[in-house]
Amino acid sequence: MLQIDNYLYASSLTEAYNTLQSVPGSVVLGGCGYIRLGARSISTAIDLSNLDLNFVRDTGSAIEVGAMTTLRSFETNPTMTRLANGVLKSAVENIVGVQLRNCVTIGGTVAGRYPFSDPLTALLALDTELQFVNHGRVSLEEYLSGKGYKDILEKIIIPQDDRSAAFTSIRKSKTDYAVLNVAVAKNADNYRIVVGSRPGKAMLSTDAADYLTQNGLDDKSAAEAGRLAAEQLQFGDNPRGSGEYRKAVCPVLITRALTEVMHAA
Ligand SMILES: Cc1cc2nc3c(=O)[nH]c(=O)nc-3n(C[C@H](O)[C@H](O)[C@H](O)COP(=O)(O)OP(=O)(O)OC[C@H]3O[C@@H](n4cnc5c(N)ncnc54)[C@H](O)[C@@H]3O)c2cc1C
């Protein structure tokens, strides 16, 4: 059972951050999708819901999304669904059901750094940056490659440019965790090819991206990029699939996603 000794509605990000640093056993609450599943004791639960962090803002050059924004906003907010061919909508719409997506937040998703995460794969393809209270602005790529911070995520910043993007995944059933997920993005002649749920966390394939930059995108190069990504990245076993299966299916998903981007262009 989950036990919470003290409950703090933080009145500022500074108060939330100082409490997290100074009170042993304190925990920041997002939508509590995972926090409430565990049997644990929390000395002080830090609730951010009074801090106006539930927003989607178009700044012209970027879309900023507050940490307490739910994943449901990724599929219903027109600013989000317009961005990069609606890739973020595609990345969240298979996550369990509307009720869960109405609760779980982008803050908890990023801070959790879940290797199976669908939105993290898409956000990495979109070159997303993160704004933390203490660590300031860091790229999602850098954040995922490190060990995480004892900090509070304020918002994410997604560049708004001419990028076309696509997300695809393979799942044993529609709402199960992905066996493998893929997002690709094309901006002028630059590509980002991301594979997640390997079952390790989402990673970029630089070999596939460089190949596409040099050779352009067509049916043949899409298939070759998929092959290069499967060669470059590591795949492993978990109860959802073997590393061998993931490696075999990776080029197929990348080719599908690149074909979607080609047709969008
Ligand atoms: C049953 C179930 C099935 C799921 N299936 C999928 C799936 O198929 N695909 C997928 O991509 N995802 C899936 N998810 C994950 C979900 O999409 C969210 O990523 C997850 O629930 C975390 O979001 P949350 O708001 O619930 O975070 P919480 O559970 O509240 O918090 C998660 C962690 O983040 C920390 N945290 C929260 N907010 C902040 C912040 N602003 N700053 C710093 N730290 C913070 C918390 O302290 C905690 O450590 C599933 C979740 C559940 C419960």
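Order of listing sets the numbers, starting from 1, for every ligand and every atom in it.
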*Among Y114, Y177, F132, whose heavy atom sits nearest atom 33 (C) of ligand 1?*
Y114
*Of A111, C32, G108, which has the heavy atom at the shortest distance from atom 30 (O) of ligand 1?*
C32
Near [X], which atoms of ligand 1 are under 4.0 Å from a heavy atom of that residue?
| X | value |
| --- | --- |
| P119 | 11 (O) |
| I152 | 42 (N), 43 (C) |
| L48 | 41 (N) |
| D176 | 8 (O) |
| A67 | 41 (N) |
| G30 | 25 (O), 30 (O), 37 (C), 38 (N) |

*asked:* Regarding S242 and D237, do their side chains bring together a donor and an acceptor under 3.5 Å, going by distance alone?
replied: no
*Do D47 and S49 get their side chains close enough for a donor-acceptor pair, meaning under 3.5 Å?*
yes
*Are the side chains of N238 and R246 in touch, meaning some heavy atoms are under 4.5 Å apart?*
yes
*Would you call I158 and L83 a side-chain contact if the rule is heavy atoms closer than 4.5 Å?*
yes
Give the residue, atom name and distance (to 0.1 Å) of the protein heavy atom nearest [atom].
| atom | value |
| --- | --- |
| atom 17 (O) of ligand 1 | L71 CD1, 3.5 Å |
| atom 11 (O) of ligand 1 | D118 N, 2.8 Å |
| atom 16 (C) of ligand 1 | V104 CG2, 4.1 Å |
| atom 43 (C) of ligand 1 | D151 O, 3.3 Å |
| atom 14 (N) of ligand 1 | Y34 OH, 3.5 Å |
| atom 42 (N) of ligand 1 | L153 N, 2.9 Å |
| atom 19 (O) of ligand 1 | T109 OG1, 2.7 Å |
| atom 46 (C) of ligand 1 | V28 O, 3.1 Å |

Enter the distance from [X]:[atom1] to [Y]:[atom2] here, rounded to the nearest 0.5 Å.
| X | Y | atom1 | atom2 | value |
| --- | --- | --- | --- | --- |
| R240 | I170 | CZ | CD1 | 13.5 Å |
| E93 | T81 | CD | OG1 | 11.0 Å |
| I63 | I156 | CD1 | CD1 | 10.5 Å |
| H135 | K150 | NE2 | NZ | 12.0 Å |
| S164 | L258 | OG | CG | 11.0 Å |

*Determine, stepwise, if the pair Y191 / Y211 fulfils ring pair (Phe, Tyr, Trp, His ring centres under 6.0 Å).*
CA-CA 9 Å; Y191 294 81; Y211 175 83; 9.8 Å; no
*Proximity of S117 to ligand 1 by residue part, where a heavy atom lies under 4.0 Å*: both
*Please work out whether any backbone atom (N, CA, C, O) or any side-chain heavy atom from C-beta onward of V96 is under 4.0 Å from ligand 1, and answer side chain, backbone, both or neither.*
side chain
_M80 atom CE: more than 12 heavy-atom contacts under 6.0 Å_ = yes
*Under 6.0 Å from the CD atom of Q234, do we count more than 12 heavy atoms belonging to anything else shown?*
no
*Please report the C-alpha distance between K220 and D218 in whole Å, then the side-chain angles of each, then the deciding distance to 0.1 Å, and finally whether the salt bridge (charged side-chain N to carboxylate O under 4.0 Å, His left out) criterion is met.*
CA-CA 6 Å; K220 204 170 146 219; D218 58 23; over 6 Å; no
*So, does E154 sit close enough to ligand 1 that a heavy atom of it is under 4.0 Å from the ligand?*
no
Do [X] and ligand 1 have an N or O pair less than 3.5 Å apart?
| X | value |
| --- | --- |
| R171 | yes |
| I35 | yes |
| G31 | yes |
| G33 | yes |
| V27 | no |
| C103 | no |

*Establish whether atom 49 (O) of ligand 1 and some protein heavy atom are separated by less than 4.0 angstrom.*
no
*asked:* For the aromatic rings, using the six-membered ring if either is Trp, is the centroid distance between Y245 and F235 under 6.0 Å?
replied: no
*Is there a donor-acceptor pair closer than 3.5 Å between any side-chain N or O of R256 and the backbone N or O of T259?*
no
